[in-house]
Amino acid sequence: MDMVCFVNRDGFILPSAPNFRDLGGHRTESGRTVRPGLLFRSDALHSVSEEDLSTFNGLGIRQLLDLRTSHERENLPDIVPEGAEYTVVGVQDPEKAGANFSRTLTDPEAARAMFGNGGATRFMDKVYRDLVNDTEALAGYRDLVERAAKGPTSLVFHCSAGKDRTGWGAALLLTLLGVERGTVVGDYMESNTRQANTEKWMRLLSEHSGLDWEDVVPMTRVRAEYLHIAFDQVDAAYGSFDTYVSEGLRVNGATLEALRERMLV
């Protein structure tokens with residue numbers, strides 16, 4: 001039986017984790033629908049409130065995949081729903097700047113050098129290329145796809161803001177399921193309406209960095225061009241999305257068939 005997700009009048013399943021969303025409900029180009037209640041994407045789950053715990057525990061989630069770095073996990077450990085297996089799935093080289101930008105923002109001189117004068121946009125461009133290219137990202141996103149295909153129960157994957165690392169993971173899964181690109185981009189862009197928690201955190205960091213808020217804004221929002229950069233990098237590095245999946249991620253045909261059989265109605 002499909003899981004039914006209840007949302008409040010503002011459209012949030014978990015108001016205390018505002019970017020927690022169900023990937024289900026999207027139509028594919030072939031006219032099928034992504035099954036609801038099986039794949040969830042989210043921002044950080046340390047913030048789940050007492051008021052939201054009963055909903056969180058009632059979603060049937062049995063796998064929680066944490067895409068964050070060790071620094072993020074140690075500072076803000078997840079609240080794990082009852083009965084769920086917690087798994088770390090790395091998608092970023094922990095030594096690269098993209099995995100440590102919050103620490104860079106605590107050093108005003110380093111922050112100005114990296115993010116001032118349009119640097120934040122250049123930084124985000126590189127983050128998205130790395131999510132396609134890096135060895136850790138290829139292994140991590142393969143793990144995500146394989147776990148989504150295997151099931152047999154509901155899964156949530158998340159990072160800190162639920163928009164970049166999670167955003168590429170969601171775009172990957174929806175594209176594999178046959179959802180057309182415009183809808184994939186629309187799902188990705190919805191994160192911009194769900195960044196209240198992240199904006200508070202980023203404003204505090206920016207105050208310590210010595211940067212103007214405008215310098216930091218490119219890292220607090222998603223932009224369609226960021227996602228296009230990732231898809232363009234797929235084409236540049238592999239020639240096609242299908243080749244990226246088979247040769248980059250090394251996801252086999254049986255896994256793709258299982259994913260579609262499980263996730264499409």
> Kindly determine whether L172 and L249 satisfy side-chain contact (heavy atoms from CB on, under 4.5 Å), including the steps that lead there.
CA-CA 11 Å; L172 168 63; L249 298 179; 3.8 Å; yes
> Are L211 and L105 side-chain neighbours, meaning at least one heavy-atom pair lies under 4.5 Å?
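They are in contact (side-chain heavy atoms under 4.5 Å apart), so the answer is yes.
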> For the residue pair L259 and K150, establish whether any side-chain heavy-atom pair is separated by less than 4.5 Å.
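With C-beta onward as the side chain, the pair stays apart.
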> I need the minimum non-hydrogen distance between S42 and T166, along with the two atoms involved.
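Looking at all heavy atoms of both residues, the shortest contact is O-OG1, 3.7 Å.
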> Determine the minimum heavy-atom distance between Y188 and K163, stating which atoms define it.
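Heavy atoms only, the tightest pair is CE1-O, 3.4 Å.
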> Which donor-acceptor pairs under 3.5 Å do the side chains of residues 213-222 make with protein atoms, sequence neighbours left out?
residue, atom, partner, partner atom, Å
D215, OD2, D212, N, 3.4
T220, OG1, V217, O, 2.9
R221, NH2, E199, OE1, 2.6

> How many angstroms lie between CZ in R27 and CG in L177, if you round to the nearest 0.5 Å?
13.5 Å
> Suppose we screen for side-chain hydrogen bond (donor to acceptor under 3.5 Å, both in side chains). Which residues come up paired with Q233, at least two apart in sequence or across chains?
N133
> Going by the rule salt bridge (Lys or Arg N to Asp or Glu O under 4.0 Å), which residues pair with D52 if we only count those two or more places apart in sequence or in a different chain?
none
> State the CG-CG distance between L176 and D242, to the nearest 0.5 angstrom.
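One gets 8.5 Å once the value is rounded to the nearest 0.5 Å.
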> Thinking salt bridges, do R129 and D232 make one under a 4.0 Å N-O criterion?
no
> So which pairs with a foot in residues 167-182 pass side chain to side chain donor-acceptor pair (under 3.5 Å), sequence neighbours left out?
W168-Y244, E180-T183
> Any side-chain heavy atom of T153 within less than 4.5 Å of one from L38?
no
> Drop me the distance from L14's CG to S47's OG, to the nearest 0.5 angstrom.
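If we round to the nearest 0.5 Å, L14:CG and S47:OG are 8.5 Å apart.
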> Determine whether T69 and R165 make a side-chain contact, defined as any pair of heavy atoms from C-beta on separated by less than 4.5 Å.
yes
> Could you tell me whether F12 and F20 have their ring centroids closer than 6.0 angstrom?
no
> Check the pair F56 / L45 against side-chain contact (heavy atoms from CB on, under 4.5 Å), numbers first and verdict last.
CA-CA 10 Å; F56 192 36; L45 292 169; 4.1 Å; yes
> So if I apply the side chain to side chain contact (heavy atoms under 4.5 Å, CB included) rule between Q92 and each of D130, L131, L67, D164, which one comes out positive?
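Of the listed residues D130, L131, L67, D164, the side chain to side chain contact (heavy atoms under 4.5 Å, CB included) partner of Q92 is L131.
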> What do the steps show when you test L65 against V156 for side-chain contact (heavy atoms from CB on, under 4.5 Å), and what is the final call?
CA-CA 6 Å; L65 307 186; V156 59; over 6 Å; no
> Looking at every non-hydrogen atom in both residues, tell me the closest pair between A224 and V185 and how far apart they are.
CB-CG1, 4.1 Å
> Check whether any side-chain heavy atom of D43 sits under 4.5 Å from a side-chain heavy atom of P18, and report yes or no.
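Answer yes - side chains close enough.
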> Does N57 reach the main-chain N or O of P81 with its side chain, forming a donor-acceptor pair under 3.5 Å?
no
> Looking only at atom types and distance, does a side-chain atom of D22 sit under 3.5 Å from a main-chain N or O of G24, one as donor and one as acceptor?
yes
> Please name all residues satisfying salt bridge (Lys or Arg N to Asp or Glu O under 4.0 Å) with R41, sequence neighbours left out, ordered by chain then number.
D187
> Taking only residues two or more places apart in sequence or in another chain, which ones pass side chain to side chain contact (heavy atoms under 4.5 Å, CB included) with R32?
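For R32 the side chain to side chain contact (heavy atoms under 4.5 Å, CB included) partners, ignoring immediate neighbours, are T28, S30, L264.
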> Atom CD of E72 and atom NE2 of H46: how far apart are they, to the nearest 0.5 Å?
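The CD atom of E72 sits 11.0 Å away from the NE2 atom of H46.
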> Restricting to non-hydrogen atoms, name the atom on S209 and the atom on A111 that form the minimum distance, rounded to 0.1 Å.
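Shortest heavy-atom contact: CB-CB, 3.9 Å.
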> Any luck finding a side-chain donor-acceptor pair between N19 and H158 under 3.5 Å?
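N19 vs H158: no donor-acceptor pair found between side chains.
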> Is any side-chain heavy atom of E85 closer than 4.5 Å to a side-chain heavy atom of R147?
yes
> Could you list all the side chain to side chain donor-acceptor pair (under 3.5 Å) pairs where at least one residue sits in residues 253-265, not counting sequence neighbours?
N252-T255
> Could you check if a side-chain atom of F40 sits within less than 4.5 angstrom of a side-chain atom of L23, using non-hydrogen atoms only?
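Heavy-atom side-chain distance check fails, nothing below 4.5 Å.
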> Closer than 3.5 angstrom, by distance alone: can the side chain of D107 be matched with the main-chain N or O of E109 as a donor-acceptor pair?
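Side chain of D107 to backbone of E109, a donor-acceptor pair under 3.5 Å: yes, one is there.
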> When rounded to the nearest 0.5 angstrom, what is the spacing between CD in E50 and CG in L53?
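If I round to the nearest 0.5 Å, the distance is 5.0 Å.
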> Partners of E74 by side chain to side chain contact (heavy atoms under 4.5 Å, CB included), sequence neighbours excluded?
S70
> Can you tell me if T243 and S240 form a side-chain donor-acceptor pair at under 3.5 Å?
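Side chains of T243 and S240: pair found under 3.5 Å.
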> Hey, could you give me the CD/CZ distance between E146 and R250, rounded to the nearest 0.5 Å?
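Result: 9.0 Å between the selected atoms.
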> If you compare all heavy atoms of Q63 against all heavy atoms of A84, which two are closest, and at what distance to 0.1 Å?
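The answer is N-CB, 4.3 Å.
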> Residues in side-chain hydrogen bond (donor to acceptor under 3.5 Å, both in side chains) with T198, at least two apart?
Q195
> Residues in ring pair (Phe, Tyr, Trp, His ring centres under 6.0 Å) with Y128, at least two apart?
Y226
> With sequence neighbours excluded, tell me which residues meet salt bridge (Lys or Arg N to Asp or Glu O under 4.0 Å) with E190.
R21, R194
> Hey, quick one: are V48 and L76 part of the same hydrophobic cluster, counting side-chain heavy atoms closer than 4.5 Å, chains of contacts allowed?
no
> If we check side chain to side chain contact (heavy atoms under 4.5 Å, CB included) with S154, which of these qualifies: I61, L39, L64?
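Answer after filtering I61, L39, L64: I61.
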> Once salt bridge (Lys or Arg N to Asp or Glu O under 4.0 Å) is applied, do any residues pair with R73, and if so which ones, sequence neighbours excluded?
none
> Closest approach of P108 and T106, non-hydrogen atoms and distance?
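Closest approach of P108 to T106, heavy atoms only: CD-O, 3.5 Å.
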> How far apart are the C-alpha atoms of T121 and R223, what are their side-chain angles, what is the distance that settles it, and do they pass the side-chain contact (heavy atoms from CB on, under 4.5 Å) test?
CA-CA 10 Å; T121 298; R223 295 176 176 177; 3.4 Å; yes
